[in-house]
**Q** 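The structure's right below; bear with me while I get my questions together.
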Amino acid sequence: MYVYDEIDQRIIDDRVEQYRDQTRRYLAGEISDAEFLPLRLQNGLYVQRLAPMLRIAIPYGMLSTRQLRKLAQISRDYDKGYGHISTRQNMQLNWPRLEDVPDILAELASVEMHAVQTSGNCIRNTTTDQFAGVAPDELEDPRPWCEIIRQWSTFHPEFAFLPRKFKIAVCASETDRAAIHAHDIGLELVPNTDGELGFKVLAGGGLGRTPVIGQVICEWLEKKHLLSYLESILRVYNQLGRRDNKYKARIKILVKAMGVDAFRERVEQEWQVLKDGPTTLTDAEIERARSYFTRPDYQTLPADADNEALQTLLAENTEFARWYQRNTLPHRVDGYRIVNISLKATGYAPGDVSDTQMEVVADLADAYSFGEVRTTHQQNLVLAEVASGDLLAVWEKLSAMGLATPNIGHLTDIICCPGGDYCSLANAKSIPVAEAIQERFENLDYLYDLGPIDLNISGCMNACGHHHIGHIGVLGVDKKGAEFYQVSLGGHQGKDASLGKILGPSFEQDAMPGVIEKLLETYVALRTDEEQFLDTYRRVGIDPFKERVYAQDH
Amino acid sequence: MPRIIKDGAVVEDSWDGRLLDLESYNAAVEGGEAPSAEIAVQLEPGEEPAAIAGDLHRIPMVAIHFPVFTDGRGFSYARELRQRGYEGEIRAVGSFIRDQLAYLARCGVNAYAFDGDIDLEAAVGSLQGFSDHYQADVLQSEPLFRRR
């Protein structure tokens with residue numbers, strides 16, 4: 001993974017000192033609340049319902065074990081001993097003290113980490129495929145590009161006071177695991193007619209109050225022009241994006257209002273000025289970025305199908321076999337597996353991870369996965385490169401820590417924002433809804449029979465829980481001061497991305513597990529042998545689900 | 001005379017010409033008065049530098065107004081003015097804050113007239129940005145990756 005040189009380190013150290021001074025001036029009454037707001041936000045600090053919340057950046061989800069151990073220590077020393085993985089692959093601490101934040105940032109800087117631009121109206125943490133570099137369907141490793149974008153967007157002088165937040169995601173594989181269609185800018189590495197890889201650029205996607213699927217503004221961009229092209233898009237957005245209404249300030253509204261062709265034309269116009277300028281990437285810089293993401297020293301191992309010991313184990317140990325089947329995935333190299341660590345055990349808030357769990361995962365990564373861990377936008381962790389012969393040992397240790405719930409990609413692997421329990425923006429609680437649904441669907445045979453289902457829950461319109469792109473989406477709404485839940489169906493995050501359609505009137509919290517159950521019964525009754533939930537929904541439409549859920553009981 | 005920050009120091013504001021809003025400036029151009037060394041233009045958010053692009057070599061000062069500090073359009077305006085070759089004074093005016101000075105400077109602003117009462121001597125310290133930056137900007141034409 002990327003390693004700071006002395007310049008990167010100095011820049012982050014400078015930032016800590018700058019923020020320490022700003023905090024001091026704020027506490028001394030020299031900076032008003034309104035003026036301090038964007039300063040603290042761009043250092044990751046929100047003021048929430050019960051306490052401040054600090055969102056720590058995990059650039060494109062990559063963590064060294066040294067960094068993960070530091071997060072464990074910080075969560076213990078400055079918080080209540082746990083962190084929460086967000087849908088931007090970041091980690092949130094729910095209980096830091098505002099006065100301690102400069103010290104926390106200094107601790108983070110000591111392991112090449114920070115909380116820069118994790119909030120505020122600026123360019124946020126760039127996200128990508130959590131299986132980057134190990135996925136069999138990858139065209140190229142997206143992480144060097146993410147790092148190049150990270151450096152370009154960090155403390156960009158022109159784009160720190162945008163109309164609204166700005167999110168970029170990169171996909172470099174056949175399956176989109178980064179939800180690039182739901183981002184302000186989505187970048188997809190694609191070949192041109194000569195087979196050379198370049199970027200397809202999408203703009204104007206986003207969730208929130210007005211969900212929109214991004215539109216293509218450039219079919220193929222030569223790699224060296226990436227930054228000047230991004231800069232052109234941002235410059236157009238910074239000048240023309242609406243600032244009179246925060247709900248209409250995202251780039252998606254601008255692209256819609258101008259029309260994608262007019263927007264593209266304006267970007268091209270800006271780009272003619274910036275193109276081939278100093279921001280044009282050099283081969284040396286691309287190579288430098290790539291040099292940090294090399295293949296580790298793999299052993300030559302038999303493929304799992306030819307590994308007799310493994311096959312015997314899988315035949316004899318059903319629990320292990322279940323976990324192997326649900327929570328691990330093929331790796332690009334024979335004899336290795338990608339291990340998903342489920343942070344979705346029933347009874348724990350989705351995405352929460354304790355300090356001791358972090359330390360166990362760090363130990364496992366050191367012993368079995370080349371010392372690296374990843375966070376996912378589905379709010380889980382990943383050990384990306386585990387030799388199949390080590391899987392049993394990994395599973396046993398994960399199981400002992402409550403980290404081996406075999407539910408990855410299934411109904412109970414719920415994406416869920418912190419909701420009304422923590423967040424001051426939320427209309428409704430989301431964690432208790434997730435928990436009640438997890439309890440209702442604890443029977444694993446039934447869970448597996450239902451096949452892959454994305455269930456996403458957001459506590460408000462800001463859509464941190466990505467409810468619009470869940471096969472089943474749940475949105476907390478406020479009805480005259482009471483908490484209700486609106487259900488949508490048919491959202492999807494892949495290359496054939498779609499937005500969910502609202503089922504009908506919203507429900508009380510207690511009714512939610514029953515509503516989900518009726519939706520699933522409808523699917524089971526209507527599906528053909530090969531169909532997954534989304535396929536059935538796309539074939540039959542929303543009406544049969546609606547009729548079943550809203551039928552009058554007799 | 002009011003005091004401002006200019007070219008890195010607190011100074012008395014020596015500008016004694018006229019400062020016109022864009023509409024009045026356009027009228028002055030119609031009337032043959034502008035462009036002139038005595039007439040500066042103030043851009044509001046939403047008034048892009050393209051509007052005065054033809055006159056840039058003869059405008060002594062362009063003021064960029066920040067009615068609220070969170071409206072960042074002026075950052076792009078400053079950058080664009082410099083990109084178009086403007087070499088005169090770019091003055092931030094209005095409700096921007098001290099903690100924005102380093103970014104403003106990197107975008108090409110070289111003078112700062114704050115609304116309200118500010119400790120200018122202390123604020124000058126915020127002009128000093130970090131020891132290095134990743135991007136190309138008006139003060140450093142090469143991005144870090146070309147200097148590594």
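The figures that follow rest on heavy atoms only: side chains count, while hydrogens, waters and symmetry mates do not. Convention: sequence-line order gives letters A, B, ...; per-chain numbering from 1.
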**Q** With chain B as the partner, which of A:D5, A:L162, A:N121, A:L274 has the greatest number of non-hydrogen pairs under 4.5 Å?
**A** A:D5
**Q** Could you check whether any side-chain N or O of B:D132 sits under 3.5 Å from a backbone N or O of A:I7, counting only pairs where one atom can act as donor and the other as acceptor?
**A** no
**Q** Determine whether B:Y103 and A:H156 make a side-chain contact, defined as any pair of heavy atoms from C-beta on separated by less than 4.5 Å.
**A** no
**Q** Crowded around B:E142 CD? As in, over 12 foreign heavy atoms under 6.0 Å?
**A** yes
**Q** Using a 6.0 Å cut-off, check whether atom CD of B:E87 has over 12 heavy atoms from anything other than its own residue.
**A** no
**Q** Need one label for A:L240: side chain, backbone, both or neither, based on atoms under 4.5 Å from any heavy atom in chain B.
**A** side chain
**Q** Does B:R148 come within less than 4.0 Å of A:D8, counting only side-chain N to carboxylate O?
**A** yes
**Q** Heavy-atom cut-off 4.5 Å, strictly under: side chain, backbone, both or neither for B:S141 against chain A?
**A** backbone
**Q** Give, as side chain, backbone, both or neither, the part of A:R288 having an atom under 4.5 angstrom from any heavy atom of chain B.
**A** side chain
**Q** Side chains of B:R98 and A:Q22, heavy atoms from C-beta outward: is any pair under 4.5 Å?
**A** no
**Q** So for A:S32, is it side chain, backbone, both, or neither that comes closer than 4.5 Å to the heavy atoms of chain B?
**A** neither
**Q** Does any backbone or side-chain atom of A:L37 lie under 4.5 Å from a heavy atom of chain B? Answer side chain, backbone, both or neither.
**A** neither
**Q** Can you confirm whether A:K223 is buried at NZ, in the sense that more than 12 heavy atoms of other residues, nucleotides or ligands lie under 6.0 Å from that atom?
**A** yes
**Q** Select, from A:L281, A:L234, A:D21, the one with the greatest count of heavy-atom pairs under 4.5 Å involving chain B.
**A** A:L281
**Q** Just do the side chain to side chain contact (heavy atoms under 4.5 Å, CB included) check on A:V273 and B:Q83 with the steps written out, would you?
**A** CA-CA 8 Å; A:V273 180; B:Q83 224 150 41; 4.0 Å; yes
**Q** Can you find a side-chain donor-acceptor pair between B:E80 and A:Q239 that sits under 3.5 Å?
**A** yes
**Q** Using 4.0 Å as the upper bound for N to carboxylate O, is an ion pair formed by A:E158 and B:R73?
**A** no
**Q** Of the listed residues (A:P163, A:P157, A:A289), which shares the most heavy-atom pairs with chain B below a 4.5 Å separation?
**A** A:P157
**Q** Nearest 0.5 Å, what's the CG-CD distance between B:D99 and A:Q18?
**A** 7.0 Å
**Q** Parallel, tilted or perpendicular: which describes the rings of A:F161 and B:F69, with under 30° parallel and over 60° perpendicular?
**A** perpendicular
**Q** Show, in sequence, the C-alpha distance, side-chain angles and deciding distance for B:S76 and A:R235, and conclude whether the side-chain hydrogen bond (donor to acceptor under 3.5 Å, both in side chains) test is met.
**A** CA-CA 7 Å; B:S76 284; A:R235 183 170 287 177; 4.6 Å; no
**Q** Are more than 12 heavy atoms from other residues, nucleotides or ligands located less than 6.0 Å from atom CG of A:D283?
**A** no
**Q** For the rings on A:F155 and B:Y134, is their centre-to-centre separation under 6.0 Å?
**A** no
**Q** From A:E30 CD over to B:I118 CD1, what is the distance, rounded to the nearest 0.5 angstrom?
**A** 11.0 Å
**Q** If every non-hydrogen atom of B:S126 is compared with every non-hydrogen atom of A:R25, which pair is closest and at what distance?
**A** OG-NH2, 4.5 Å
**Q** Between B:F130 and A:R15, is there a side-chain heavy-atom distance shorter than 4.5 Å?
**A** yes
**Q** Between B:R146 and A:P278 (side chain of the first, backbone of the second, donor and acceptor by atom type, cut-off under 3.5 Å), is there such a pair?
**A** yes
**Q** NZ of A:K165: more than 12 outside heavy atoms within 6.0 angstrom?
**A** yes
**Q** Please rank B:L144, B:D71, B:L104 by heavy-atom pairs under 4.5 Å with chain A and give me the top one.
**A** B:D71
**Q** Give the member of B:C107, B:A105, B:A136 that has the highest number of heavy-atom pairs under 4.5 Å with chain A.
**A** B:C107
**Q** If I measure from the heavy atoms of chain B, does A:L39 come under 4.5 Å with its side chain, its backbone, both, or neither?
**A** side chain
**Q** Where on A:L227 is there a heavy atom nearer than 4.5 Å to chain B: the side chain, the backbone, both, or neither?
**A** side chain
**Q** Take atom CD of B:E23 as the centre, draw a 6.0 Å sphere, and report whether it contains more than 12 heavy atoms from other residues, nucleotides or ligands.
**A** no
**Q** Could you tell me which portion of A:E231 (side chain, backbone, both or neither) has an atom closer than 4.5 angstrom to a non-hydrogen atom of chain B?
**A** side chain
**Q** May I ask you to decide if A:T154's main-chain N or O and B:Q135's side chain share a donor-acceptor pair within less than 3.5 Å?
**A** yes
**Q** Tell me if the CD atom of A:E99 is crowded by more than 12 foreign heavy atoms within 6.0 Å.
**A** yes
